Amino acid sequence: MTDQRNSATSIDPVKLDRLAEVAVKVGLGLRPGQDLLLTAPAIALPLVRRIAVHAYKAGAGIVTPILSDEEMTLARYRYGQDNSFDRAANWLYEGMAKAFSDNTARLAIVGDNPMLLSGEDASKVARASKANSIAYQPALEKIVNFDTNWNIIAYPSAAWAKLVFPDDPEEVAIGKLADAIFAASRVDREDAPANWASHNAVLRERTNWLNGQRFRALQYSGPGTDLTIGLADGHEWEGGASLSKNGISCNANIPTEEVFTTPHCRRVYGHVVSSKPLSYQGTLIDNIAVRFEDGKIVDAKASRGAEVLNKVLDTDEGARRLGEVALVPHSSPISQSGLLFYNTLFDENAASHIALGQCYSKCFVNGAQLTPQQIAAQGGNQSLIHIDWMIGSAETDIDGILADGSKVPVFRKGEWAK
């Protein structure tokens, strides 16, 4: 069994409280009378408690926490019946979907050991992941379609901290990871909500420019990369705060440095290599190299974790196609920190990236009115997965291709060209 101890003594309580406040006020934009469903690792209870305080101060109806525990997760893999790994708690996810339909806000705290399952049976991990993905679909659809306001933040557990800072004593590592989370989440200074308002304004300027260009495709070039990503018909760029269908503006990810949209899942061509490792369910997948034809990955390699990568790609038909393309400058604060967080919430904000799998209906003009069939017809991808991995670096150039075939510089040497 792993050591689940954690010490809060090296975590700044003022900044932790600010993070909770930002999650409620900026991340969720929680409205008076609105219920909140919160999921978190048990180790993050100090943050969960602060969120409950700020949520109730904001007028929350009922705050319902659902806590997970690493020891119980490992117990399942080591002692659970084999056939149980093809099942999931459907009743729980169905209840979550109903809650979101009833205007309940969704908050997730991440912080588990990213390598928790690295020593477990890879087949069981893959089977359980697929079963959970299928069961979670009714709730996930409410999230990816922004039916309700939602947000993800992070808490520095001991196991995660030691992975990021392996050479430091546990207490020091926790403090360093906490400080990195606070800085990336923009709560390391006073008046964090105002800081987020300024940051959102900058991201909105970027999306407004991109939406005004109406690019047909993006062309990437760099070491090991020659890739053309067609953009979905009627695509719309998003970034920072988004308006959910219930009329509430929320920042789904804290931190966030990206602007993103929906690629056309049948119009991606060429080859690309990853610029940073991908941490996925206990496996570090490194040096990913894929080739696309007609939007589909037809060849995939990795120097490490190749078996897991190929299992992911075989999840369903949409797993080999793209559901998101995101632009992040190399000068982003998370990139400049030089840290590998082993957590996509942070690592995706260090570099431009793409995502395998499910698209966001939010990233279409009038997306709230489009049916799944219309989204698919316009190039939106459908899948049980949505996995981001990084392809940008200080050597990446990106051009936008207009309808007439002419090109407009978007990125040069990993930075915005305009």
Side-chain angles (χ1 to χ4, degrees), residues 129-130 132-134 136-147 150 152 207 210 215-218 220 227-239 242 244 252-253 256 258-270 272 274 278 280-281 285 288 290-298 300 309-328 344-345 347-349 351-365 367-368 370-392 398:
S129 176
K130 186 171 183 177
N132 271 307
S133 294
I134 293 172
Y136 189 49
Q137 275 303 106
L140 181 62
E141 287 177 1
K142 305 293 183 183
I143 297 299
V144 298
N145 293 330
F146 277 83
D147 285 20
W150 58 279
I152 305 175
T207 60
L210 288 163
F215 291 130
R216 178 170 56 85
L218 296 177
Y220 292 69
L227 182 70
T228 299
I229 300 178
L231 300 180
D233 301 334
H235 70 275
E236 188 165 60
W237 289 87
E238 293 281 343
S242 293
S244 55
N253 288 351
T256 184
E258 65 176 338
V259 294
F260 59 97
T261 195
T262 297
H264 197 297
C265 67
R266 297 179 293 280
R267 299 177 187 164
V268 183
Y269 305 90
V272 64
S274 62
L278 167 65
Y280 181 74
Q281 294 188 343
I285 308 175
I288 300 170
V290 301
R291 181 167 59 88
F292 288 88
E293 290 182 3
D294 298 321
K296 185 177 182 179
I297 293 176
V298 295
L309 173 63
N310 281 289
K311 284 183 178 179
V312 168
L313 294 175
D314 289 337
T315 300
D316 55 27
E317 168 62 23
R320 289 180 176 268
R321 300 180 186 272
L322 297 185
E324 179 190 351
V325 56
L327 303 178
V328 179
T344 301
L345 177 64
D347 291 333
E348 72 170 4
N349 286 295
S352 291
H353 54 273
I354 52 181
L356 304 172
Q358 181 66 40
C359 75
Y360 292 116
S361 64
K362 175 72 174 174
C363 293
F364 287 90
V365 176
L370 298 177
T371 65
Q373 293 74 24
Q374 289 172 318
I375 290 172
Q378 291 180 211
N381 194 34
Q382 296 177 321
S383 176
L384 292 172
I385 68 168
H386 181 95
I387 301 174
D388 301 88
W389 52 285
M390 288 56 73
I391 63 172
I398 305 174

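Not measured: the values here are computed from a predicted model. Numbering of residues begins at 1 and proceeds along the displayed sequence.
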* Indicate yes or no for a side-chain donor-acceptor contact from Ser352 to the backbone of Ile391 under 3.5 Å, with no hydrogens or angles considered. => no

* Structure fact -> Between the CD atom in Gln281 and the OG atom in Ser129, the distance rounded to the nearest 0.5 Å is 3.5 Å

* Partner set under ring pair (Phe, Tyr, Trp, His ring centres under 6.0 Å) for Phe146, not counting sequence neighbours -> Trp150

* To do: Starting at OH of Tyr136, measure out to CD1 of Ile143 and round the result to the nearest 0.5 Å.
  => 5.0 Å

* Structure fact -> Here the gap from Asn132 atom CG to Leu140 atom CG, rounded to the nearest 0.5 Å, amounts to 12.0 Å

* Closest approach of Gly380 and Cys359, non-hydrogen atoms and distance? -> CA-SG, 3.7 Å

* Asked: Atom CD in Gln382, atom CD in Glu141: separation rounded to 0.5 Å?
  -> 8.5 Å

* Would you check if Leu210 and Leu327 make a side-chain contact, meaning some heavy-atom pair closer than 4.5 Å? => yes

* For the atom pair OG1 (Thr262) and CD (Glu238), what is the distance rounded to the nearest 0.5 Å? -> 9.5 Å

* How close do Val365 and Leu370 get, heavy atom to heavy atom, and via which atoms? -> O-CD1, 4.1 Å

* Please answer whether the main-chain N or O of Glu348 pairs with a side-chain N or O of His353 as donor and acceptor at a distance below 3.5 Å. => yes

* Asked: Closest approach of Gly230 and Ala217, non-hydrogen atoms and distance?
  -> CA-CB, 3.8 Å

* Measure the shortest side-chain to side-chain distance between Trp389 and Ile285 over non-hydrogen atoms and say whether it is less than 4.5 angstrom. => no

* Test item: Ser383 side-chain N/O and Gly357 main-chain N/O as donor-acceptor pair under 3.5 Å -> no

* To do: Begin with the C-alpha distance, continue with both residues' side-chain angles, and end with the deciding distance and a verdict on side chain to side chain contact (heavy atoms under 4.5 Å, CB included) for Trp237 and Leu231.
  => CA-CA 10 Å; Trp237 289 87; Leu231 300 180; 4.2 Å; yes

Please set out all donor-acceptor pairs under 3.5 angstrom arising from side-chain atoms of residues 318-325, sequence neighbours excluded.
unit_1: Arg320; atom_1: NH1; unit_2: Ile297; atom_2: O; d: 3.1
unit_1: Arg320; atom_1: NH2; unit_2: Asp314; atom_2: OD1; d: 3.0
unit_1: Arg321; atom_1: NE; unit_2: Glu317; atom_2: OE2; d: 3.3
unit_1: Arg321; atom_1: NH1; unit_2: Cys265; atom_2: O; d: 3.1
unit_1: Arg321; atom_1: NH1; unit_2: Asp294; atom_2: O; d: 3.0
unit_1: Arg321; atom_1: NH2; unit_2: Glu317; atom_2: OE2; d: 3.4
unit_1: Glu324; atom_1: OE1; unit_2: His386; atom_2: NE2; d: 2.8

* **side-chain contact (heavy atoms from CB on, under 4.5 Å) partner of Leu227, chosen from Val268, Ile398, Val290, Leu218** => Val268

* From Asp316 atom CG to Ile385 atom CD1, the distance as rounded to the nearest 0.5 Å -> 6.5 Å

* Is there a side chain to side chain contact (heavy atoms under 4.5 Å, CB included) between Val272 and Phe292 once you walk through the steps? -> CA-CA 9 Å; Val272 64; Phe292 288 88; 4.3 Å; yes

* Asked: Counting only N and O atoms by type, is there a donor-acceptor contact under 3.5 Å from the side chain of Asp388 to the main-chain atoms of Ala355?
  -> no

* Asked: Are Thr315 and Ser133 side-chain neighbours, meaning at least one heavy-atom pair lies under 4.5 Å?
  -> no

* **Side-chain donor or acceptor of Gln378 paired with backbone N/O of Asp233 under 3.5 Å** => yes

* salt bridge (Lys or Arg N to Asp or Glu O under 4.0 Å) against Lys311, all qualifying residues, sequence neighbours excluded -> Glu307

